[in-house]
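See below for the structure under consideration.
Computed from heavy atoms alone, side chains included, the values below leave out hydrogens, waters and symmetry copies.
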Amino acid sequence: MSGFRLFDLNPEQFRAATHPDGPMLILAGAGTGKTRVLTARIAWLVSQGVEPSSILAVTFTNKAAKEMRERVAATVNSEQAKQITLSTFHALCVRLLRKHAHLLGYKENFSIFDEGDQMGLVKKIAARIHDKQDPIDPNLARNIISKAKNLGMSEPETTDTALGSLFSKYQNELRTLNAMDFDDLLLQARTLLRDHPEARDEWRSRYRHIMVDEFQDTNKLQLELVSLLAGEERPNICVVGDDDQSIYGWRGAESANLLEFERHFPDPEVIKLEQNYRSTDIILSVANRLIRNNSKRRGKNLWSDRKEGDPVRILLASDDKAEAEFIADEIQAAGPQSAKARPWTDFAILYRMNAQSRQFEEVLRERRIPYRVVGGKSFFDRREVKDVVAYLGALLNPDDDNALLRVLANPPRGIGSATLQLATEAGAKNRKSLLAILNDPEHLAVSSSRTRIAIQRFTEDWGTYRIQLQTPGTDISGLLRGLLEECGYYEDLKKSCKTEAESDGRQENVHELLNALAGYCQRHPREGARGFLDGLTLEQEREEEKAEEREGVTLITLHAAKGLEFPDVWLVGAENGVLPHERSKAEGTVEEERRLLYVGITRARHRLTITHCSTRRKFGSVSSCIPSPFLLELQGEGVETGSVEEILSQPLSEEESEDAFARMKAMLRGE
DNA sequence: GAGTTGCTTCTTTTT
DNA sequence: GAAGCAACTC
């Protein structure tokens, strides 16, 4: 018998964990222990003799997948844990597609385009179309295409409009590049399972128990995928979700998937989890008071038996700088060096937009308070990382012109934009990849002999590397290292840096990446470099593992905070236009913003502080703010309003002044 | 062909 | 207040 302890579960949780078969819908409010239930359920299934390899658990984010994997690993034995499929939708689709890509007219080594690649391609095509009458806004176009794909459309309804023609060209281009964007992963996987019975049957017979976490965040395509995998007759499908935490509508998520679960999977067992084990009663009552204002709800009543607790504070700061300073003060006053001696990891600052993190980073850095920024752009966005990723991508998929273009430009090789434009055109005309064109200069009317030599030199070198790559047992990391060395990449990288330190840092990043690649290839010989690259593109969080370990205050967006909890939370920037975000007001999705605030509130275990400012630097210049209308909805018992200045002007308690004194002494000693 | 400068434009949230 | 882009010089 495995080590899971069903007696730790409350009656509803127990019922969910031990439901034998058929569809099940678990409505799990914030903090009601849904991950725990899912984990317990997996353990229970295994204990009942269910084959671990026939269990599929799908989560929405990598973070959630990782957490679940860890928890499962702690409950069933490691051999069994390994056989369970636990992944995100996207990762699962990649797995299916890598195996069956040929059925869809792709090659198995297809590239995955991230948002940047996607944007680049849309821009390129938009420029090519260049309709003077109605010029295309690439951003908008990309959005519309993405939405359409998430509704299951693989091509436009008409190619008569500029947008429709762009959509169709975009899709064709991706195909010639042997590439899929994030949406394609879902879309093509759906098409695969829908139109190819042999593939469908294979996966359907493999997965006998399917679990989907955060079901309110699934879109039409994902529901379709799940249905296809589950099969028709009373499948063992178990979904968990909370309509009040549906915050991905902008990405096509349909909370109707959750709300109308019965329509897709008739006669399910329905279980409501309403006892919250996370927050104080006060915090929950404030959260409940807020979410009541939403119209489309399944409705539930979260409660907690933790009656003690501080009131929720709503505080006004004069500006965003004061807001950050104040919070840093409070964190310092309760942190490890204070009498309260709480670890930095107890504290979290939650905001609506990534851009808001900067102010806090600055202030925290000044005070030497360790912090970690979750999400945002980081490792993957760095130039040198993108470069190396492009090298790897171009090596693995010779059709990936995009990656090759980046390679060609870094370091400069005497093949410039004019030549490349020519080559790209020739490629389009002859339906050949950029690399093929360069390899075969017949197609290329290059004038200067210098350019011709440059091309020849590149293709010869590149050819030898590709041959080496195909030799079984090649150490790809080493190969890449040598390649970067020989082509002068490092020198070019160094030249582009202003300081020695910057250069070292960037080079270090490259090495880190190469080491990670080597490590991955060793651990997963079957997936190899391709798998590494997939993980990198899908996760975009290489650094996360390191960041996770670092002790510090957490800076995180409200979206990314879902699923997490912290003892002490500051929810900042509760202003009209920021918290209901300006754009969401225009788009009529204010209810989703309310849910976002709800998610934020329910992250707090013991203490919650909501702040807003009178003025804020926006766009670089100062503009005045009015409080979020949501703040009025929060008002009531258990809520205390005031201003940052008021609190700062209150005399310090004895304990706090001692702390301040000790800090000052420490500072005088030089930390 | 490569690199630099100064101009513009916007910014939600994420796989 | 940064990041992308066009025009400019070497």
Side-chain angles (χ1 to χ4, degrees), chain A residues 58-65 87-94 112-116 118-120 123 127 137-140 143 146 149-150 180-187 189 214 217-219 221-222 246-253 350-359 362 374-377 380-381 383 408-421 446-448 450-451 454 492 495-496 534-541 556-562 573 577-587 589-590 592-593 595-597 599-600 617-622:
Chain A
V58 190
T59 62
F60 215 73
T61 66
N62 296 293
K63 221 181 293 155
S87 90
T88 65
F89 270 106
H90 293 265
L92 176 71
C93 291
V94 170
I112 302 172
F113 274 23
D114 68 11
E115 207 179 310
Q118 210 181 121
M119 194 63 199
K123 275 185 184 159
D137 170 2
N139 226 330
L140 188 70
N143 247 311
S146 174
K149 286 194 186 179
N150 278 310
M180 300 193 199
D181 63 20
F182 283 155
D183 305 316
D184 278 334
L185 295 177
L186 303 177
L187 188 64
E214 306 281 14
D217 288 336
T218 53
N219 61 30
L221 215 41
Q222 285 158 330
S246 156
I247 54 176
Y248 287 100
W250 51 275
R251 218 168 73 182
L350 273 49
Y351 38 78
R352 174 70 238 260
M353 303 177 275
N354 280 309
Q356 286 170 269
S357 75
R358 179 168 309 124
Q359 192 66 253
E362 267 170 35
V374 179
K377 318 267 163 226
F380 200 73
D381 238 31
R383 193 167 66 79
L408 252 12
N410 302 286
R413 292 178 159 84
I415 307 170
S417 52
T419 310
L420 290 174
Q421 184 152 13
V446 171
S447 48
S448 87
R450 212 161 89 193
T451 307
D492 182 60
K495 233 175 32 196
S496 71
D534 288 350
L536 213 58
T537 317
L538 252 35
E539 283 181 37
Q540 318 203 301
E541 307 174 347
I556 192 169
T557 62
L558 289 165
H559 281 89
K562 189 165 67 151
V578 177
L579 195 28
H581 192 273
E582 202 59 57
R583 203 139 138 193
S584 76
K585 291 199 293 176
E587 286 167 4
T589 53
V590 173
E592 180 151 314
E593 299 285 302
R595 289 193 290 268
L596 206 45
L597 178 55
V599 166
R617 277 189 89 81
K618 233 175 185 178
F619 286 112
S621 55
V622 178

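D181(A) and K149(A) make their closest contact through OD2-NZ, 2.7 Å (heavy atoms, listed as atom of the first residue, atom of the second, distance).
Rounded to a whole Å, the CG atom of N354(A) is 11 Å from the P atom of dT15(B). Summarising the geometry, the separation between CD on E214(A) and P on dT13(B) is reported as 19 Å, rounded to the nearest angstrom. Taking atom CH2 of residue W250(A) and atom P of nucleotide dT14(B), one finds them 6 Å apart after rounding to whole Å. dT15(B) atom P lies 20 Å from atom CG of L187(A), rounded to whole Å. One atom, CE of M119(A), and another, P of dT14(B), lie 18 Å apart when rounded to the nearest Å. What separates NE2 of H559(A) from P of dT11(B) is a distance of 17 Å, to the nearest Å. Distance NE2 (H90(A)) to C1' (dT14(B)): 9 Å, rounded to an integer number of Å. Computed from coordinates, the D114(A) CG to dT14(B) C1' distance equals 12 Å when rounded to whole Å.
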So which protein N/O to nucleotides 2-4 of chain B N/O distances come out below 3.5 Å?
| from | atom 1 | to | atom 2 | distance (Å) |
| --- | --- | --- | --- | --- |
| dA2(B) | OP1 | G414(A) | N | 3.0 |

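Phosphate contact (OP1/OP2 of dT11(B), side-chain N/O of N139(A), threshold under 4.0 Å): present. For dT14(B), one of the phosphate oxygens OP1 or OP2 lies less than 4.0 angstrom from a side-chain nitrogen or oxygen of T557(A).
Side-chain contact between D217(A) and Q222(A) is absent, with no heavy atoms from C-beta onward closer than 4.5 Å. Looking at L558(A) and L597(A), their side chains never come closer than 4.5 Å, going by heavy atoms from C-beta outward. Put simply, the side chain of Y248(A) reaches to within 4.5 Å of the side chain of H559(A), judged on heavy atoms.
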Point to revise | Where protein sits on nucleotides 1-10 of chain C, one letter per nucleotide: B base, S sugar-phosphate only, - none, heavy atoms under 4.0 Å | key: BS--S-----
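Positionally, the nearest nucleotide of DNA chain B for D137(A) lies more toward the 5' end than for the other of Y248(A) and D137(A). Comparing E593(A) and F60(A) by the nucleotide of DNA chain B whose heavy atom lies nearest to each, the residue mapping closer to the 5' end is E593(A).
Within 4.0 Å of A418(A), counting heavy atoms only, lie sugar-phosphate atoms of the nucleic acid but no base atom. Nucleic acid contact for Q356(A): none, since no nucleic acid atom lies under 4.0 Å from a heavy atom of the residue.
To the nearest 0.5 Å, atoms OG1 (T451(A)) and CD1 (I415(A)) are separated by 8.0 Å.
Salt-bridge annotation for R358(A) and E362(A): absent, with no side-chain N of the basic residue lying under 4.0 Å from a carboxylate O of the acidic one. Using a 4.0 Å cut-off between a side-chain N of Lys or Arg and a carboxylate O of Asp or Glu, K562(A) and E214(A) qualify as a salt bridge.
Between the side chains of T537(A) and D114(A), not a single donor N or O lies within less than 3.5 Å of an accepting N or O.
Closest approach to the A560(A) side chain among dG1(B), dT14(B), dT15(B) is made by dT14(B) (side chain taken as heavy atoms from C-beta onward).
The aromatic rings of F182(A) and H90(A) stand perpendicular to each other, their planes meeting at an angle above 60°, with 30° marking the opposite boundary.
When the ring pair (Phe, Tyr, Trp, His ring centres under 6.0 Å) test is applied to Y351(A), no partner is found at least two apart in sequence or on another chain.
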